[in-house]
**Q** 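Handing you a structure now.
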Amino acid sequence: MRGLFVGRFQPFHNGHMKAVEWILGRCDELVIAVGSTQRSFNRMEVFTAGERIEMMRRALKARKLDGRCIIIPVSDINNNALWVSHVNSLCPEFDVVFSNNPLVKLLFSEVGKKVVEVPLFDRKSCDGSHIRKLMLSGAKWKELVPKEVAEFIIQKRGIERLRSISKEDKYGVVA
Ligand code: NAP
C-alpha cells in the first residue's frame, strides 16, 4: 500500500519525521508532497522547494527510509476544486492520504479517497512557526529538527536568511 503525506515542511522537523515513521509503519511506500513550492524567502516560508527536498532526503537517508519515500514538489493553484487533480497529475498513484489539514482532508474525501489523521507528535515544540521564532531569537532550535536538517540549515546560512528577510524595508514592509 502507498500513502500520501502533504505538508509545507518549513522546515522539516521532528514532528514531521515521526509522522513519516508512523505512516511507514502502516504503508509500504510513501509519497511526500512538498506543498507551496512557489513560496520561499519570506518569514513563513523560508526555504525553497529544492532545499526542503534536500533536508528531507538527508534525514530519510540517515534512517534508511529514503528507498520507501518518493518526494514530489507540488505548487499551489488558484482553485481548490481542482487541487486534487493537480496533485494526482504530479504524484505517482497512492491508496490513502495522511493529513490533519481540514481543507486537504475535505478535498480528498470529496473524490472518495481514504483519509487518515496522523497523530501530532510533540506539537508544543514541534511546530514550524515556533521553530522559526526560536531561530530568529537566537534560542535553541536544533534539537527540534533531525540532526541532518540542522546541519543543512546551518550550511545554507538559513538563520541569517531568516533574520534578513524579517527586517522591514524602508516602507515598513517585511517579506
Ligand atoms: P498540514 O501538513 O496538514 O499541516 C497542518 C499543520 O499541522 C502544520 O502546522 C504542520 O506543521 C502540522 N503537522 C502536520 N502533521 C504533523 C505531525 N504529525 N506532527 C506535528 N505537526 C504536524 O498542512 P500544510 O503544512 O499547510 O500543508 C498543506 C499543503 O497543501 C500546503 O502547501 C497548502 O498550500 C497545500 N494546499 C494547496 C491547495 C491549493 O493550491 N489550492 C489546496 C489545499 C492544500 P508545521 O506547521 O510545523 O509544518
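Whatever order the structure lists ligands and atoms in, that order sets their numbers, starting from 1.
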**Q** Consider every N or O of Ser36 and every N or O of ligand 1, then say whether any pair is closer than 3.5 Å.
**A** yes
**Q** If you measure from the Lys or Arg side-chain nitrogens to the Asp or Glu carboxylate oxygens, is any gap between Arg52 and Glu45 under 4.0 Å?
**A** no
**Q** Ligand 1 and His13, any nitrogen or oxygen pair closer than 3.5 angstrom?
**A** yes
**Q** Could you identify the single nearest non-hydrogen protein atom to atom 39 (C) of ligand 1 and state the distance to 0.1 Å?
**A** Trp83 CD1, 3.3 Å
**Q** Does ligand 1 have a heavy atom under 4.0 Å from the side chain of Asn101, from its backbone, from both, or from neither?
**A** both
**Q** Please determine if Ile77 has a nitrogen or oxygen closer than 3.5 Å to a nitrogen or oxygen of ligand 1.
**A** yes
**Q** Counting both backbone and side chain atoms, is some N or O of Val6 under 3.5 Å from an N or O of ligand 1?
**A** yes
**Q** Run Asp122 and Ser125 through side-chain hydrogen bond (donor to acceptor under 3.5 Å, both in side chains) and show every step you take.
**A** CA-CA 6 Å; Asp122 193 11; Ser125 48; 3.0 Å; yes
**Q** Please report which non-hydrogen protein atom sits nearest to atom 9 (O) of ligand 1, along with the residue it belongs to and the distance in Å to one decimal place.
**A** Arg123 NH2, 2.8 Å
**Q** Answer yes or no: is there a side-chain heavy-atom contact under 4.5 Å between Arg39 and Gln10?
**A** no
**Q** Is atom 20 (C) of ligand 1 less than 4.0 angstrom from some protein heavy atom?
**A** yes
**Q** Number the atoms of ligand 1 from 1 as they appear, then name those within less than 4.0 Å of a heavy atom of Asp127, with their elements.
**A** 47 (O)
**Q** Tell me whether the NZ or CZ atom of Lys147 lies within the 45° cone about the ring axis of Phe152 and under 6.0 Å from its centre.
**A** no
**Q** At the 4.0 Å heavy-atom cut-off, does His16 count as touching ligand 1?
**A** yes
**Q** Below 4.5 Å, heavy atoms only, C-beta onward: do Leu134 and Leu144 meet side chain to side chain?
**A** yes
**Q** Less than 4.0 angstrom from a charged side-chain N to a carboxylate O is my criterion; do Arg161 and Glu51 meet it?
**A** yes
**Q** If you count the atoms of ligand 1 from 1 in the order shown, which ones are under 4.0 Å from a heavy atom of Gly15?
**A** 17 (C), 18 (N), 19 (N)
**Q** Between Ala19 and ligand 1, is there a nitrogen or oxygen pair with a distance under 3.5 Å?
**A** no
**Q** Do Val118 and Ile23 have side-chain heavy atoms sitting under 4.5 Å apart?
**A** yes
**Q** Please lay out, stage by stage, how Asn101 and Ser99 fare under the test side-chain hydrogen bond (donor to acceptor under 3.5 Å, both in side chains).
**A** CA-CA 6 Å; Asn101 181 307; Ser99 180; 5.4 Å; no
**Q** Polar contacts were defined as any N/O atom of the residue lying under 3.5 Å from an N/O atom of the ligand; does this apply to Asp76 and ligand 1?
**A** yes
**Q** Counting only heavy atoms, tell me which of Ile131, Val118, Asn100 gets closest to atom 15 (N) of ligand 1.
**A** Asn100
**Q** Assert yes or no for the condition that the ring centre distance of Trp22 to Phe5 is strictly below 6.0 Å.
**A** no
**Q** Tell me which part of Val104 gets within contact of ligand 1: side chain, backbone, both or neither, using heavy atoms under 4.0 Å.
**A** side chain
**Q** Which option out of Gly128, Gly7, Ala33 puts a heavy atom nearest to atom 47 (O) of ligand 1?
**A** Gly128
**Q** Can you label the angle between the Phe12 ring and the Phe9 ring as parallel, tilted or perpendicular, going by 30° and 60°?
**A** perpendicular
**Q** Output the list of atoms in ligand 1 that are nearer than 4.0 Å to some heavy atom of Pro119, sorted by atom number.
**A** 17 (C), 18 (N)
**Q** Please work out, at 4.0 Å between heavy atoms, whether the side chain, the backbone, both, or neither of Leu120 comes within that distance of ligand 1.
**A** both
**Q** Looking only at N/O atoms, are Arg8 and ligand 1 under 3.5 Å apart anywhere?
**A** yes
**Q** Show me which atoms of ligand 1 lie under 4.0 Å from any heavy atom of Asn80.
**A** 38 (C), 39 (C), 41 (N), 42 (C)
**Q** Would you indicate whether the side-chain heavy atoms of Leu30 and Val20 approach each other to under 4.5 Å?
**A** yes
**Q** Taking the side chain as everything from C-beta on, heavy atoms only, tell me whether Lys113 gets closer than 4.5 Å to Phe94.
**A** yes
**Q** Do side-chain atoms of Arg58 reach the backbone of Ile53 as a donor and acceptor pair under 3.5 angstrom?
**A** no
**Q** Check each atom of ligand 1 against the heavy atoms of Gly35 and keep those under 4.0 Å away; list them by number with element.
**A** 32 (O)
